[in-house]
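Below is one structure, written out as structure tokens, with a few remarks after it.
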There are 2 protein chains.
Amino acid sequence: MTASALAAFAALLADETRARFCLALLDGRAWTAGELARHVGVAPSTASEHLGRLVAGGLLAEERQGRHRYVRLADARTAYLVEELAAHTEPGPPAAPTSLRAAGARSAMARGRTCYDHLAGRLGIAITEAMTVRGLLLQESGFALTARGTEWFAALGLEPLRGRGRRPVVRACLDWTERRPHLAGAAGAELCRYALDSGWCVRIGSERAVRVTAEGERALAELLGIAPEALR
Amino acid sequence: MTASALAAFAALLADETRARFCLALLDGRAWTAGELARHVGVAPSTASEHLGRLVAGGLLAEERQGRHRYVRLADARTAYLVEELAAHTEPGPPAAPTSLRAAGARSAMARGRTCYDHLAGRLGIAITEAMTVRGLLLQESGFALTARGTEWFAALGLEPLRGRGRRPVVRACLDWTERRPHLAGAAGAELCRYALDSGWCVRIGSERAVRVTAEGERALAELLGIAPEALR
DNA sequence: AGCATAGTTCGGCCCGTGCCGAAGGGTGGA
DNA sequence: TCCACCCTTCGGCACGGGCCGAACTATGCT
């Protein structure tokens, strides 16, 4: 009975150009229409029409500022859906990089990146594993924070249990380079925001990749016992 | 870099006829090509072509038996994806039923049904709530079985922790009639199978709806303290 | 005011694809 | 062996939609 709505929604992602838009927007930031057009190599007019459809369909949210049209994924749930779909379509090993530059970018992305609003790559895995080993996070029968995990967040001044509407506090997100689940959900988002705000890591260039700073290495070692080598 | 694969996958669901096929197949059973064609009202030739695309795209698995082509959703993960997408496209209240017969079917579906391979509707919610209240399941910071929950399954002769590859043991599935999460994942599937095998509930007609038997009411009251009224 | 830039709208082209009916093959029962 | 049934393949039609360039509007800078 919702078949037409399902088909209409799927049709939004059923075009390669729109799919590339959404994958680019998985970095969680807002892009302008022109940036997206250049990013995927289509005419601005084409991009404009695609964005119109994506916004009308509820997949993207837009914000007009002056002569710029900023666009981002509608919400965390939508980003999660896109990530799930993308993960589902890549069951095999990642394709070999086609150039030295691409190899460098892939390597940086594999080390650490944002996945919409939380941390992924080896950085995300290392944090998730360390939290599990230290008894802050349960993985065996579903992701869940322990009482000590909640306290750990509180010690950082974070309270992912409050507010946030219906968003799950913790959620497993499958990493497409490491093939292992890592921490997502409200707690993952708060931790990511905290890590960027407090200088644990900084974004590299204009992509989703992040680099752990020296200060970040110290903090991760102290708070979670993560060896700096695990992040390289 | 996986944009074309993502678009190709989404395109499978981007057609209303194919979407209706997949929603019908959410009951977890195998349908023949002809059944599906009649169900959605297209010519057998049209259905055949659609099924070819869905199978080639990995969304469905097929099994040929004699002159029948049985088709089902490829696996639990795929069913989960379809369910997620369908849930995402129905944020508003369900549409009003268009006939008395449809109202009856909807009411039966709301009481209890299967959702691919686990129980949903008020039945699924009641079980999930009862398990939470009795300390078998954690919901506060992500779905997870407690130690007592694992023992409870073991007492039924079920061991959802073993095997099953990479499937999560418990997972929250959003119910589209009750708007609340219920138990899914390997544990939800085992429990559903057990409930059908041991006669706690039986399928009604050819749809996804199930009815709780008198024996089922006794068992649910005894094992989980569920009042029979909660299921009506 | 004048100009550059960002985005939108429109017309036109063309390819992909959803649909059907007719014809054909494979299976199982009589 | 013949027939009924289930499914598939193929031809043909029609529609949708993705793409671009050109023209236009809106914003901001100088």
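Remember, it's a predicted structure, so these values are computed and weren't measured experimentally. Just so it is clear: chains get the letters A, B, ... in the order the sequence lines come, proteins before strands, and each one is counted from 1.
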With a 4.0 Å limit, can you tell me whether A:S48 has a side-chain N or O closer than that to the phosphate oxygens OP1/OP2 of C:dT9? no
Nearest heavy atom decides the nucleotide; on that basis, is A:R67 or A:V42 closer to the 5' end of DNA chain D? A:V42
Side chain of B:T32, backbone of B:E35: donor and acceptor closer than 3.5 Å? yes
Side chain of B:E49, base of D:dC10: donor and acceptor closer than 3.5 Å? yes
Separation of D:dG16 atom C1' from B:D15 atom CG, nearest Å, is 12 Å
Pick base, sugar-phosphate or nothing for B:R18, based on heavy-atom distances below 4.0 Å to the nucleic acid. sugar-phosphate
Here the distance between atom P of D:dT27 and atom CD of A:E63, to the nearest Å, is 16 Å
C:dC20 phosphate, OP1 or OP2: any side-chain N/O from B:T46 under 4.0 angstrom? yes
Between B:L36 (CG) and D:dC7 (C1'), how many Å, whole number? 13 Å
A:D75 vs A:R77, test: salt bridge (charged side-chain N to carboxylate O under 4.0 Å, His left out). Steps then yes/no. CA-CA 5 Å; A:D75 52 25; A:R77 179 169 172 75; over 6 Å; no
Do A:W200 and A:Y194 have ring centroids that are under 6.0 Å from one another? yes
Nucleotide C:dT9, atom C1' - distance to CG of A:L51 in whole Å: 15 Å
Length of the line joining B:Y70:OH and C:dT27:C1', which is rounded to integer Å: 13 Å
Take the angle between the ring planes of A:F9 and B:H88 and call it parallel below 30°, perpendicular above 60°, tilted in between. tilted
Look at all strands and tell whether B:R38 reaches a base, only sugar-phosphate, or nothing, counting heavy atoms closer than 4.0 Å. nothing
Of the candidates C:dT8, C:dC20, D:dT8, the side chain of B:P44 sits closest to D:dT8
Please check the phosphate of C:dC19 (OP1 and OP2 only) for any side-chain N or O of B:T17 closer than 4.0 Å. yes
Net bend of the helix from C:dA1-D:dT30 to C:dA30-D:dT1, end axes of five pairs each, nearest 10 degrees: 30°
Flag the pair B:V202 / B:V212 as yes when at least one side-chain heavy-atom distance between them is below 4.5 Å, and no otherwise. no
Rounded interatomic separation in angstrom, taking CH2 from B:W31 and P from D:dC7: 13 Å
Are OP1 or OP2 of D:dT8 and a side-chain N or O of B:R69 less than 4.0 angstrom apart? yes
Could you state the atom-to-atom distance from CG of B:L60 to P of D:dC7 in whole Å? 14 Å
OP1 or OP2 of C:dG28 less than 4.0 angstrom from a side-chain nitrogen or oxygen of B:H68, does that happen here? no
Look up atom CG in B:D197 and atom CD in B:E190, then write down how far apart they are to the nearest 0.5 Å. 10.5 Å
Under the salt bridge (charged side-chain N to carboxylate O under 4.0 Å, His left out) rule, what do A:E16 and A:R18 come out as? Steps first, then yes or no, please. CA-CA 5 Å; A:E16 179 164 353; A:R18 285 195 295 269; over 6 Å; no
Over 60° means perpendicular and under 30° means parallel, so classify the ring planes of B:F21 and B:H50, tilted if in between. perpendicular
If the cut-off is 4.0 Å, is B:R64 near the phosphate of D:dT8, judged by side-chain N/O to OP1 or OP2? yes
Between the base of C:dG7 and the side chain of A:T32, is there any donor-acceptor pair under 3.5 Å? no
Between C:dC20 (C1') and B:H50 (NE2): distance, integer Å: 11 Å
Please tell me if B:R53 has a side-chain N or O lying less than 4.0 Å from either OP1 or OP2 of C:dG16. no
